[in-house]
Amino acid sequence: MDRWTTIVEPFRIHSVEPIRLTSVEERQRALEVAGWNLFGLHAEDVLIDLLTDSGTGAMSRDQWAAIQRGDESYAGSPSWFVFLDAVRELWPFEHVIPTHQGRAAEKILFSVLGGPGKVIPNNTHFDTTRANVEFTGAEALDLVIAEGRDPSADHPFKGNMDVDALERVLAERAADVPVVFVTITNNSGGGQPVSMANLRAVRGVCDRYRIPFFLDGCRFAENAWFIKEREPGYADVAVPDIVREIAGLVDGMTMSAKKDGMANIGGWLAMNDAALATACRNLLILTEGFPTYGGLAGRDLEAIAVGLREVVQHDYLRYRIRSTAYLGDALDRAGVPIVKPVGGHAVYLDARALLPHIAPLQYPGQALAVALYREGGIRGVEIGTVMFGLHPDGTEASAAMDLVRLAIPRRTYTQSHIDYVIEVVRWVAERAADLRGYRIVEQPTQLRHFTARFEPLP
Ligand SMILES: *Cc1c(COP(=O)(O)O)cnc(C)c1O
């Protein structure tokens, strides 16, 4: 197989979903109605939707078949035991608590462990994780290595935790740290992986201070593949064994099954500590449901169980990681500035570098994201000053970076869709000097990127 360079999707299409071709004029009108906010579009007006990889992937024949087997008993459903076995095959934790998605697991865990005066370190908190930590009054601390904060720095494991920085925090404040988190892959840091050596080092520090170590495991299979490809000693280890080795280093995890669960909805919280599990289950019953279904239908539990067996298959992961790199490498060769190396689930365009004539407070990421939609019907998401620039005190400042994320839904688009994306991005990048900035004409005080309305500058 490795003799050939063409990436073959390791599946063929069994059921198709139409996507609608639209004209530039139609898309211009849709933009005007949406106030130039891509979250306001009707998804039917999008040709290639790269807004997120969360819950947007295609399920397999076997997942759809499993949905038919779903048993909707309120308590002790056979579908629950199928789910539990599939989770434990990779993550043999004592206690597994199903939730309707990842943030519900976070909400429950931090309600128990957080609170004013507490501090939760992570390589980089994902936005829902940070929000759930801060909602309890605790502090969310990002301790990724320096390379992880530099878009052009090349490093095989840019998601690694800065272990010395963690040690310094614990030396001073161990009593205030109820848990140490690491996110694999590091979504907010560009989908960058964490090495096994780094996880082992974090374990060592946590042991010395007797603090539990949890994972945000949303993209664990992609992370395990990067370990297999890049970390000495793992080339011949099977991905499920790498995952189990990771599991052996931690005390628990939160998970969104909308990512590497290959499902459209779902998640879980897992741990070995019985007292913590009891406290979490009590909250689960209050907010999500009985502990054998969480916020899920039996059919969802079945779909996740099958997804977990499919996501660790080597043919799938090779295709997944190489097809994301295929988009990134083509844009890089064409001179389009991107965050490097390419992560597992998305390619990040560096809009600030591409559009130096648009000041950060005129939103270069927004300008680029809108242009990709207007010209080619492609929807990405601005990750920059629109998303992070408005502070709680009402002041506005430029974000650290102005990026446009093109997230790739799992098993959903073919190589010709991606070739089309490459063609459109190149076309827009060649005419970057013609793009104009935007101003915000209406915005809420929090999470403004979802609902703000914009106007193009003259
Ligand atoms: C998506 C995601 C979450 C939250 O999961 P939801 O299912 O969207 O609630 C948490 N952490 C990371 C790293 C994620 O990518």
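Index from 1, following the sequence. Read the numbers this way: they start at 1 and go in the same order the structure lists the ligands and their atoms.
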Can you name the atoms of ligand 1, numbered from 1 with element, that are less than 4.0 Å from a heavy atom of [X]?
X	answer
Thr128	3 (C), 4 (C), 10 (C)
Glu106	10 (C), 11 (N)
Gln101	6 (P), 7 (O), 8 (O), 9 (O)
Thr183	13 (C)
Asn187	13 (C), 14 (C), 15 (O)

Would Lys259 count as a cation-pi partner of Phe126, with NZ or CZ less than 6.0 Å from the six-membered ring centre and within 45° of the ring normal?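 Pair Lys259/Phe126 counts as cation-pi.
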Below 3.5 angstrom, do we get any N/O pair linking Thr185 and ligand 1?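 No, no N or O pair falls under 3.5 Å.
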More than 12 heavy atoms of other groups within 6.0 Å of Lys228 NZ: yes
Nearest heavy atoms of Asp251 and Phe93, plus distance in Å: C-CE2, 3.7 Å
Would you name the heavy atoms of Val250 and Phe213 that are closest together and state the gap between them?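 Shortest heavy-atom contact: CB-O, 3.4 Å.
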Among Arg103, Met255, His100, which one puts a heavy atom closest to atom 8 (O) of ligand 1? Arg103
With respect to atom 12 (C) of ligand 1, which of Cys218, Gly102, Gly261 exhibits the smallest heavy-atom separation? Cys218
Ligand 1 versus Lys258, non-hydrogen atoms closer than 4.0 Å: side chain, backbone, both, neither?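 Side chain only.
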Taking [atom] as the reference point, the nearest protein heavy atom with its distance:
atom	result
atom 7 (O) of ligand 1	Ser256 OG, 2.7 Å
atom 14 (C) of ligand 1	Lys259 NZ, 2.9 Å
atom 11 (N) of ligand 1	Asp216 OD2, 2.7 Å

If we check side chain to side chain donor-acceptor pair (under 3.5 Å) with Thr124, which of these qualifies: Asp216, Asp142, Asn186, Thr129?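 Running side chain to side chain donor-acceptor pair (under 3.5 Å) over Asp216, Asp142, Asn186, Thr129 with Thr124 returns exactly one hit, Asn186.
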Would you mind reporting whether His42 and Arg20 have side-chain heavy atoms less than 4.5 Å apart?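 No, their side chains stay 4.5 Å or more apart.
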Would you check if Thr52 and Val381 make a side-chain contact, meaning some heavy-atom pair closer than 4.5 Å? no
Return yes if some donor-acceptor pair links the side-chain N/O of Thr287 with the main-chain N/O of Leu283 below 3.5 Å, else return no.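 Answer holds: yes.
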